[in-house]
Amino acid sequence: MGTLSLLHNLNVFFLSPQNPILSHHSSPSPPLSLKPLTFHCSKSSHIPALSPSTPLRIPRTIRIEARRALMDYLHFTRNYTFIHAEFVTNNSPHFINSLISKINLNKNGDVFRSIRKYLRYNPINEFEPFLESLGINQSELQSILPSRTVFLSDDTLLSDNFRCLYNHGVPRNRIGKIYTQAREVFRFENGVLAKKFQDYQGLGLSKSTVIKLFVCCPLLLVGDDVDSVFVAVLDWLNRIGIESEWIAHCMSCSKNYSWKTMLDSIEFLHQVGYSEKQMYTLFKEDPKLLLDGFGKKMYLLLARLIKSGVEVNVISSCFIEHPSILSSKCVENVMNVISFLYNIRMEQDDIACVLSKYMHVLSKHSIKGHKTVCKELGIGKAELCQIIKDDPLEFIRLASKPEQKGTRRDYNEDPRRYLEKTTFLLKLGYLENSEEMEEAVKVFKGRGDELQERFDCLVEAGLDYNRVVEMIKRVPVILNLKRTLIQKKIDFLINVLGYPIECLLGYPTYFCHDLDKITARFSMYEWLKTRNAINPELNLSSIVSSNEKRFVKYFVNVHPEGPAIWQSITSLSNKDKK
């Protein structure tokens, strides 16, 4: 790929704008045509199998040449469009490893020619790199490969439905999830899948929301009509006062969701006495309660509470007054409390009394086993039972596990954090559900409000809003710095170095450099200027960006005393650090 000229790339890209996978234009035939209509033996030795013995460390130059050879084959021999040949090649690393393992690197160092020769006489299973490029894991790939064909062009239904998803805006690296969870979608006849998009948008959902829903819940695409359970959930949300778009914003493409579970959760809350306003507040504050549902544990807890003698109206009141008890962790904690009390032989009436008064408090604590508590206190079950009966809150002190400090909730566990970050990125111009958005979510570190605060810091310093957006997209790491550090570097640039704030627009990587390094280099530069040994009008990047060897050559060794001065500057800097 690296040797193709830009003009040539543009020419081959525009040859076939109609088909995003395979072009229909004619291309020169290879010396030996190996394209059968079907390939009946999926385990043929002609197909490079993915081997676990493939070397783990392959030099980067070899990988580049292997990718170039595969792209050359897919585009010129198999008639893939340039953009899709490039995407498949760049996103199928395991298949590239497999190709490299097929050639003898010791005898012939020309990887490109060796792989191109191999591909000329050995037809590959095109579904392997294609499906891998869609984000399908290797553990799943071998079991879902078609058994009677190896050429993508022979499976027109798959190609057409892939093209439909892609043209509707579904990111390619998310189509693999749809393929693994709802493969029948790729057997739809022409027009069926496009109608699915129309039907769901007909519910009042935006295109971006429909795409997000299909990626998160591929089974919505299965069946003749719109999913009835999904419609029931939307109806409930509208009744509660939650807009239809909200639920998709809270979802993560890396997780799976069940609309039946969500509907059961809503109906459960309705049955225990939650008002629509209370449900609105509950779901808005903790979307996980809706998205993940309560599961079987909640119903098991209800059964055990009733069996323990707790009245139904008391349970309902507790759930309404203390909604946090609905979380899976709190449910588990209460279940453990009930088991603990039964194991120390507490009477049912006493258990009902403890739970009725203190269930919401006990739900917040993970507890140890009854044997561990008895052993630590050196007492028997009966004595422990009496202590808890006399003062149920003493139970927390005696049996609670110590809280683990420093533990943080995983980013993916809180949909609100995802929502906050994507909301900020949408302001920067990233398209919702796009591959660029997915990458940006990974690159930018911090909550949405933190990113916004750091962004505002740059604008408040005097930079144009739109130019800051461009700058951030070029160097995303800027917003990963703390606001105080951004302010400190801006202040240093203006008040110490004397450069205008606008110079950051042409040199945003200034923020990536350590202040001590910048200080040392400018000290050297100022010393040279006083002796007329250097150009006094050098720009910021020339001084800061050059590597250490280049800086010494052009900024230190240009004066006989330079090395000694530079050594004293760096020594002083190191001393200050210590």
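Just the heavy atoms: all of them, side chains too, but no hydrogens, waters or symmetry mates, feed the values below.
Residues E128 and S92 have side chains that never bring a donor and an acceptor to within less than 3.5 angstrom of each other.
The closest donor-acceptor contact from the side chain of T180 to the backbone of K177 lies under 3.5 Å. Side chain of Y118 to backbone of I100: no donor-acceptor contact under 3.5 angstrom is found. Side chain of H168 to backbone of C164: a donor-acceptor contact under 3.5 angstrom is found. Here the side chain of D464 pairs a donor or acceptor atom with the backbone of N466 at under 3.5 angstrom. Counting only distance, with no hydrogens or angles, the side chain of Q138 and the backbone of H94 share no donor-acceptor pair below 3.5 Å. Remark: the backbone N or O of C512 is not paired with any side-chain donor or acceptor of T509 at under 3.5 angstrom. Side-chain atoms of R174 do not come within 3.5 Å of backbone N or O of K212 as any donor-acceptor pair. Under the 3.5 Å distance criterion, the side-chain polar atoms of R483 are matched with a main-chain donor or acceptor of E453.
Aromatic ring centres of F127 and F95 lie farther apart than the 6.0 Å criterion allows. Annotation: F319 is not in aromatic contact with Y274 [ring centroid separation under 6.0 Å not met].
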* Could you give me the CA-CA distance, side-chain angles and deciding distance for K196 and D199, then say whether salt bridge (charged side-chain N to carboxylate O under 4.0 Å, His left out) is met? => CA-CA 5 Å; K196 290 280 185 182; D199 291 344; over 6 Å; no
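With salt bridges taken as basic N to acidic carboxylate O contacts below 4.0 Å, one links R467 and E470.
A 4.5 Å side-chain heavy-atom check between L269 and E276 finds every atom pair outside the cut-off.
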